[in-house]
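Below is one structure, written out as structure tokens; comments come after it.
Below, read A as the first sequence line, B as the second, and so on, with proteins coming before strands; counting in each chain starts at 1.
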Amino acid sequence: MLELRLVQGSLLKKVLEAIKDLVTDANFDCSATGFSLQAMDSSHVALVALLLRSEGFEHYRCDRNISMGMNLNNMSKMLKCAGNDDIITIKGDDGSDTITFMFESPTQDKIADFEMKLMDIDSEHLGIPEAEYHAIVRMPSAEFSRICKDLSSIGDTVVISVTKEGVKFSTRGDIGAANIVLRQNTTVDKPEEATIIEMNEPVSLTFALRYMNSFTKATPLSSMVTISLSSELPVVVEYKIAEMGYVRFYLAPKIEE
Amino acid sequence: DPKQGNILSFFKQV
């Protein structure tokens with residue numbers, strides 16, 4: 001028996017919009033810790049890790065650890081039928097091959113049930129080691145989205161370099177080249193407008209912009225994004241989900257042959 | 001051009 005009641009149902013809608021273009025089918029895992037997912041894109045270049053902690057739900061019942069295979073496009077279709085202010089409850093019964101999403105309007109005058117078929121998915125679960133990153137950049141998520149979009153009109157890849165000068169996003173393409181440098185800026189009115197750069201060592205890595213642009217679909221989840229870089233590791237692009245957890249995207253760098 | 005890396009070469013299956 002599974003029953004997860006999320007008062008801020010819009011969070012789940014935003015999570016699906018953030019990941020559904022990257023991953024087609026995925027297993028959602030439910031345990032005492034929370035509702036989580038780990039999945040790679042079909043070419044194994046990017047990985048998404050989602051956690052919605054149990055404490056973030058108004059009611060959280062999960063009698064035993066369970067893994068439920070879902071087609072994210074179908075799940076998104078169903079969640080789009082929930083209003084932005086609706087309370088969403090996810091319900092499942094042991095051994096059932098379906099899951100039910102219940103949408104309640106804030107005034108309780110409309111209650112809808114959507115039943116979705118589950119699927120069997122063979123997925124590999126990867127161990128993500130704790131790592132010391134060479135540089136961690138925290139910046140407004142809308143600014144990061146803007147930079148990725150702007151650069152992708154010039155080139156296909158972005159070089160992200162962190163030095164003591166700041167963080168530089170560079171690209172090059174048939175029509176020319178572009179460089180965008182952000183310096184640390186903490187003298188802003190609101191904390192969510194700050195750019196904070198922690199650097200242990202200078203680092204420079206190249207990534208496919210197509211994936212970065214896909215990650216920025218998580219922008220509505222958080223005003224800030226954290227980009228963690230190390231020369232030996234995939235970059236981590238993290239959007240915190242207020243009070244509940246996070247969606248983290250890992251992207252393997254492009255490597256000189 | 002640099003070659004695209006693969007997640008599976010960084011993170012191992014558990």
ask   = In a check of side-chain contact (heavy atoms from CB on, under 4.5 Å) between B:I7 and each of A:L251, A:V45, A:L126, A:I128, which one passes?
value =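 In the set A:L251, A:V45, A:L126, A:I128, the residue that makes a side-chain contact (heavy atoms from CB on, under 4.5 Å) with B:I7 is A:L126.
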
Restricting to non-hydrogen atoms, name the atom on B:F10 and the atom on A:P253 that form the minimum distance, rounded to 0.1 Å.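 Nearest heavy atoms, B:F10 then A:P253: CZ-CD, 3.7 Å.
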
Taking 3.5 Å as the threshold, show me the donor-acceptor pairs across chain B and chain A, one per line with distances to 0.1 Å.
unit_1: B:K3; atom_1: N; unit_2: A:I255; atom_2: O; d: 2.7
unit_1: B:K3; atom_1: O; unit_2: A:I255; atom_2: N; d: 2.6
unit_1: B:Q4; atom_1: NE2; unit_2: A:A252; atom_2: O; d: 2.9
unit_1: B:G5; atom_1: N; unit_2: A:P253; atom_2: O; d: 2.9
unit_1: B:I7; atom_1: N; unit_2: A:H44; atom_2: O; d: 2.8
unit_1: B:K12; atom_1: O; unit_2: A:G127; atom_2: N; d: 2.8
unit_1: B:V14; atom_1: N; unit_2: A:H125; atom_2: O; d: 2.7

